[in-house]
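Worksheet: one structure, shown below.
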Amino acid sequence: QVQLVESGGGLVQPGGSLRLSCAASGSYFTFNAMGWHRQAPGKQRELVADITSGGRTNYADSVKGRFTISRDNAENAVYLQMNSLKPEDTAVYYCNALYTRRSYWGQGTQVTVSS
């Protein structure tokens, strides 16, 4: 069984930073893509950023210039460095990994940006 576990969420003030981590266990292959989605109260889940095994990245317009996604292929881990956080970034952040037609999801970690 493949399991994704997120960590690094918490409460921060506007303008602060957080680094989210997601580690995969039970896999013996490199995921085609890994990334992060988020879901705020009353809103649909949206893509935040993703990264392919080759290192190509994609970001939502709302986070470009503030968030940076990276991965460690050898460890099947993905990270999200979040800087200049805004209250509107408040959401549950979910780690996602894709291999061929299979998609795996973590349980989510809460990020709250508030004074």
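The structure displayed is predicted, hence computed values, not measured ones.
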Give a yes or no on this: more than 12 heavy atoms of other residues, nucleotides or ligands lie within 6.0 Å of atom CD of Glu88. yes

Residue set satisfying side chain to side chain contact (heavy atoms under 4.5 Å, CB included) with Thr100, at least two apart, ordered chain then number -> Asn32

So, the side chain of Glu6 versus the backbone of Thr109: is there a donor-acceptor pair under 3.5 Å, distance only? no

Taking Met34 as the starting point, is it possible to reach Tyr104 by hopping between hydrophobic residues whose side chains are less than 4.5 Å apart? yes

With distance as the sole test, does Ser103 use its side chain to make a donor-acceptor pair with the main-chain N or O of Leu98 at under 3.5 Å? no

Result of checking Val63, Val48, Ile51, Leu18 against Leu80 for side chain to side chain contact (heavy atoms under 4.5 Å, CB included): Val48

Can you tell whether the side chains of Lys86 and Asp89 come within less than 4.0 Å, N to carboxylate O? no

Describe, in one word, how the ring planes of Phe29 and Tyr99 are oriented to each other, choosing from parallel (under 30°), tilted (30 to 60°) and perpendicular (over 60°). parallel

Scan residues 11-23 for pairs that pass side chain to side chain donor-acceptor pair (under 3.5 Å), counting only residues two or more places apart or in two chains. Ser17-Asn83

Least distance between heavy atoms, Ala40 atom then Ala91 atom: N-CB, 3.8 Å

Separation between NZ (Lys64) and OG1 (Thr57), nearest 0.5 Å, reads 9.5 Å

Less than 4.5 Å apart, any side-chain heavy atom of Trp36 and any of Val78? yes

To the nearest 0.5 Å, tell me how far Leu85 CG sits from Ser114 OG. 12.0 Å

ILVMFWY network linking Val92 to Val111, side-chain heavy atoms under 4.5 angstrom: no

Write out all pairs satisfying disulfide (SG to SG under 2.5 Å) with one or both partners inside residues 12-115, taking only residues at least two apart or from two chains. Cys22-Cys95

Which residue pairs pass the disulfide (SG to SG under 2.5 Å) test when at least one of the two sits in residues 30-59, sequence neighbours left out? none

By side chain to side chain donor-acceptor pair (under 3.5 Å), which residues pair with Thr30, not counting sequence neighbours? none

Show me the pairs that pass ring-ring contact (aromatic ring centres under 6.0 Å, His included) and involve residues 46-94, at least two apart or across chains. none

Residue pairs fulfilling side chain to side chain donor-acceptor pair (under 3.5 Å) with at least one residue in residues 43-53, sequence neighbours excluded: Arg38-Glu46

How many angstroms lie between atom CG of Asn58 and atom CD1 of Ile69, to the nearest 0.5 angstrom? 9.0 Å

Could you name each residue pair satisfying disulfide (SG to SG under 2.5 Å) that touches residues 43-92, not counting sequence neighbours? none

Atom CG of Asn76 and atom CG of Leu4: how far apart are they, to the nearest 0.5 Å? 9.0 Å

With Gln110, which residues qualify under side chain to side chain donor-acceptor pair (under 3.5 Å), at least two apart? Thr112

